[in-house]
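Below: one structure in structure tokens.
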Amino acid sequence: MSVKSVMIVGVGGQGSLLASRLLGNLLTEEGYDVKVSEVHGMSQRGGSVVTYVRFGEKVYSPIVTEGECDYIISFEKLEAARYAGCLRRGGKIIVNTQEIDPMPVITGAAEYPTDVLEDLKAQGFCIDDFDALTPAEEAGSAKAVNLVLMGRFAACLNISKEKWAAAMERTIPPKYLEMNRKAFEAGYSGT
Amino acid sequence: MKRLLIGNEAVAWGLYHGGLGLISSYPGTPSTEITEFLSRHDDIHTEWAPNEKVACETAFGASLAGMRSACAMKHVGLNVAADPLFTLSYTGVTGGMVICVADDPAMHSSQNEQDSRHYAIAAKVPMLEPSDSREAYAFARSAFELSEKYDTPVLLRMCTRIAHSQCVVEMGEREETPLKPYVKQPQKYIMMPAYARARHPMVEKRTEALRALAEDCPYNTLEDRGSEIGIITSGCAYLYVKEVFGDSVSILKIGMPNPLPEKMIRDFAGKVRRLYVIEELDPVMENHVRSLGIPCRGKELFSPIGEFSQKTIREAFLREGVDVGELPHAQGTAPQVPARPPMMCAGCPHRGMFYTLARHHITVLGDIGCYTLGAVAPLNALDSTLCMGASISGIHGFNAARGKETEGKTVAVIGDSTFMHSGMTGLVNVAYNATNSTVIILDNSITGMTGHQQNPTTGYNIKGDPAAKVDLEALCHALGINRVRVVDPYDLKQCEEAVTEELAVEEPSVIISRRPCVLLKYVRPKRPLTVESEKCRSCRRCMNLGCPAISMKNGRARIDSTLCVGCGVCEQLCAFGAIGGEEA
Ligand SMILES: Cc1ncc(C[n+]2csc(CCOP(=O)(O)OP(=O)(O)O)c2C)c(N)n1
């Protein structure tokens, strides 16, 4: 199998770290060679963050460059557009339609490009856009957006729900497990 | 035990299993997690030191006492620890000693892009450089033996990508290493001229021995795959080379960048028709290869600036006319979208003080921490940021240079952790050499920028246990500053008064702007504020705060209730009473 690449993108503080670790643990358990590249430090302060997950028989590079990405999972609309150039031909973007204003928009120096996903679709991008925030809040917290998205993404991988459940148990602290299970389920059954 | 680990956790396990007894560090991305992971073990001593020099010297003391020790820091931290490093090279060690240093190509979280391999060469100590978590574990673990066998501290070089990337690591068990007996050895450990002169030749001899080791050690490996193209590479550049070429070219992978294996390099170069040296940042290996009289291609193809990727490698070889397959086909191009730079959080206690400073239109010498974000729009409240501590020493020089013209129109701002790190000495200088300078200590009771580490002002140690707490007011007094006052940065009136008054007086002064970081667990957010749309006159005054929770929607200010923590700063600003909380 050739190496597959996933990018998890969003705004610092949205919980992409947990999502990438969950995915990393799941894929390792499946027997793949896995590399995960995380972001720590400065950019976590509300900046744009990107995490890479790559898996296959043998993976060298931990990062993903233009045109290489099979799946982009985006926690926020604008961020999906920012990294769209990384998607390979035939790849797929899964995106939470939530809008979070970046500083240039807040200060009025720029406008939030609301039609950005439609423009990408018109270019031929395969985009699965949906509201992940509402089901996350229903599950217990806006922070569970990451698991809603993982649930949605699960359909793209041929891995059973039981194995996802086991990976969640290994990755998520017990006191948040129930909420995250619910969030995952909401994303999973929504597909 | 087999686990998915980031490079820093792998280093932590490597050190622990290698018999580590003490680690003392100062936080700094991307090195911080090494020490954080180690602090979970109760059978070793772990601590946050006030700065890297103290950390390195603490590790030295432990080594002298016969214990295997380490310190960890980011690349610029090694500048601070350089003084002990250079002479540690002469003294050598008793217990093995490892200095972990993490470079940050592309400056994800740093103020420069320096290449710490130069330190290994200049200080004449061996350096190891892993290219993934697996090697990070193995190299860290074996570094103690190397250190003890060759009687030298060992530098372990990480970089952001390796420090923060995960792969599966198979781990062994901890090797318990009892303390070596302490024996007084003046000639080895007292580095006064007479003894140091005798140590220097030993350093040179050691380098010779390490050169011999370099020719035959597990760190440097040869992948012999034909004679057309040969690549000398190291660190994460190795991963990108493998990603592009797989097993189709010959590779000399360097895991010990100092000292380099001359014979291996000569043999390798002699075997291949085209030789490339591929390394991030400076041409350290390349210069060495050229100094041996061997022609190669390197920095003319691979920039000394920023990080590489498989794309960097592929594009360079396409330009060289080498068949590396096509560039990947993208689905399309990304549209231009507004940037999303990092910013101060909603409710950040730094904001109120910066808003006040921005209103005064004064020169602000800044420092390094979350408050460096006060530099960006709309606050635009900083004039300089150099390195940790430079705000206070800098304002002193600035005012000494311009005298009355700028005294009373300049301030220095510095965080609590940064003040402990290297601000105190600068403040002594302000008092001692007498400039009329005003210093603002932004005391948010934590080391914020690097992800919430305790420091001597917080009252807790690395494990979260109560610890001696520095009394900042008393400290500033003791350093020679008579005027010291404390304000709450959520109270704009207090900030305004303090800044106006302290700028006006004819003597040095310190304002401590005190309020804990909103992200601290014990800080309870207050009820979010709301805007009464009818009262909002769209003056945009609240927008000058640069608070991520406030935006303009349909011409009126709006507060995002999921972000607002009810700090109340915007409420104090609004001239029309449009912002407020629901009555409780
Ligand atoms: C010599 C050196 N060591 C470490 C760092 C990494 N670093 C940047 S800011 C900072 C501490 C900031 O803490 P503080 O001064 O309390 O400000 P805060 O971020 O909490 O506002 C650290 C450790 C650095 N830039 N330089």
Side-chain angles (χ1 to χ4, degrees), chain A residues 11-13 20-21 24-25 28 33-48 52 59-68 78-79 81-91 100-113 116 119-120 123-126 142, chain B residues 3-4 6 29-30 32-33 108-110 132 160-168 236 238-243 246 307 309-312 327-345 370 373 376-378 449-451 540 543 546-548 550-552 560 562:
Chain A
V11 178
S20 65
R21 292 195 165 175
N25 281 335
T28 304
D33 188 29
V34 177
K35 287 246 162 95
V36 180
S37 187
E38 307 177 339
V39 178
H40 297 247
M42 182 92 172
S43 25
Q44 280 182 298
R45 295 273 171 270
S48 166
Y52 308 110
V59 183
Y60 288 105
S61 172
I63 62 181
V64 181
T65 65
E66 271 128 87
E68 286 183 330
L78 187 60
E79 296 310 307
R82 187 185 314 281
Y83 295 101
C86 291
L87 200 71
R88 71 163 169 78
R89 202 179 285 164
I100 301 176
D101 288 348
M103 196 39 81
V105 172
I106 292 176
T107 60
E111 270 187 42
Y112 194 102
V116 80
D119 293 353
L120 286 172
Q123 263 196 65
F125 276 84
C126 169
Chain B
R3 274 182 48 201
L4 207 51
I6 59 167
T29 317
T32 313
E33 301 84 10
H108 296 276
S109 311
S110 302
D132 61 16
T160 303
R161 257 330 141 187
I162 297 167
H164 292 158
S165 291
Q166 302 180 334
C167 71
V168 170
C236 44
Y238 167 78
L239 301 176
Y240 308 137
V241 166
K242 289 295 282 185
E243 181 78 25
E307 275 190 302
S309 67
Q310 51 269 37
K311 183 168 172 241
T312 321
L327 288 173
H329 295 285
Q331 179 71 54
T333 42
Q336 276 292 332
V337 294
R340 190 186 297 277
M343 55 194 172
M344 280 183 203
C345 307
C370 286
L373 296 169
V376 297
M449 180 90 277
T450 41
R540 301 184 64 90
M543 300 299 291
C547 176
I550 312 176
S551 58
M552 298 297 285
D560 182 336
T562 64

What residue, out of A:Gly91, A:Cys86, A:Pro104, has the most heavy-atom pairs lying under 4.5 Å from chain B? A:Pro104

Residue from B:Pro378, B:Pro30, B:Gly332, B:Cys167 scoring the most non-hydrogen pairs under 4.5 Å with chain A is B:Gly332

Nearest 0.5 Å please: distance from the CG atom of A:Asp101 over to the OG atom of B:Ser551. 5.0 Å

Determine whether A:Arg88 and B:Pro328 make a side-chain contact, defined as any pair of heavy atoms from C-beta on separated by less than 4.5 Å. no

Any heavy-atom pair between the side chains of B:Pro335 and A:Asp119 that's under 4.5 Å? no

Atom group of A:Asn25 that falls short of 4.5 Å from chain B, counting heavy atoms: both

Close side-chain approach of A:Val36 to B:Ser165, heavy-atom, < 4.5 Å: no

Tell me whether B:Glu243 contacts the main-chain N or O of A:Ser61 through its side chain, where contact means a donor paired with an acceptor under 3.5 Å. yes

Against chain A, work out which of B:Cys547, B:Gly546, B:Ala334 has the most heavy-atom pairs shorter than 4.5 Å and name it. B:Ala334

Below 4.5 Å, heavy-atom pairs only: which of B:Leu239, B:Thr312, B:Val241 has the largest tally toward chain A? B:Leu239

With chain B, which of A:Ala110, A:Pro62, A:Ala142 has the greatest number of heavy-atom pairs at distances under 4.5 Å? A:Pro62

Would you say the side chain of A:Val39 lies within less than 4.5 Å of the side chain of B:His164, judging by non-hydrogen atoms? no

Winner by heavy-atom pair count (cut-off under 4.5 Å) against chain B, out of A:Asp33, A:Val64, A:Ile100: A:Ile100

Atom group of B:Cys345 that falls short of 4.5 Å from chain A, counting heavy atoms: side chain

Please classify the contact of A:Ala81 with chain B as side chain, backbone, both or neither, using a heavy-atom distance under 4.5 Å. both

For B:Leu327, is it the side chain, the backbone, both or neither that has a heavy atom under 4.5 Å from a heavy atom of chain A? neither

Would you please test B:Ile550 and A:Ile106 for side chain to side chain contact (heavy atoms under 4.5 Å, CB included) and show each step? CA-CA 7 Å; B:Ile550 312 176; A:Ile106 292 176; 5.7 Å; no

Do B:Gln331 and A:Gln123 have a side chain donor and acceptor closer than 3.5 Å? no

Partner residues of B:Lys242 under the salt bridge (Lys or Arg N to Asp or Glu O under 4.0 Å) criterion, sequence neighbours left out: B:Glu223, B:Asp247

Hey, does A:Arg21 have a side-chain heavy atom less than 4.5 Å from the side chain of B:Ile6? yes

Given side chain to side chain contact (heavy atoms under 4.5 Å, CB included), test B:Gln310 with A:Ile63 step by step and report yes or no. CA-CA 8 Å; B:Gln310 51 269 37; A:Ile63 62 181; 3.8 Å; yes

Applying a strict 4.5 Å limit to non-hydrogen atoms, the region of B:Pro341 in contact with chain A is both

Any B:Lys311 side-chain heavy atom under 4.5 Å of A:Glu68 side chain: no

Which bit of A:Leu120 is near chain B, if near means a heavy-atom gap under 4.5 Å: side chain, backbone, both or neither? side chain

Which residue out of B:Pro548, B:Gly451, B:Cys370, B:Ala339 racks up the most heavy-atom pairs below 4.5 Å with chain A? B:Ala339

The test is side chain to side chain contact (heavy atoms under 4.5 Å, CB included); show your working for A:Lys35 and B:Gln166 and say whether it passes. CA-CA 5 Å; A:Lys35 287 246 162 95; B:Gln166 302 180 334; over 6 Å; no

Measuring only between side-chain heavy atoms, which start at C-beta, is B:Asp132 closer than 4.5 Å to A:Tyr60? no

Checking B:Arg340 side chain against A:Gly12 main chain: does a donor-acceptor pair fall under 3.5 Å? no

Given a strict heavy-atom distance threshold of 4.5 Å, which part of A:Thr107 is in contact with chain B: side chain, backbone, both, or neither? both

Keeping A:Arg82 on the side-chain end and B:Pro338 on the backbone end, is there a donor-acceptor pair under 3.5 Å? yes

4.5 Å side-chain heavy-atom contact, B:Val376 and A:Met103: no

In terms of heavy-atom pairs under 4.5 Å, which option from A:Leu78, A:Val34, A:Thr28 contacts chain B the most? A:Leu78

Portion of B:Arg3 that has a non-hydrogen atom of chain A nearer than 4.5 angstrom: neither

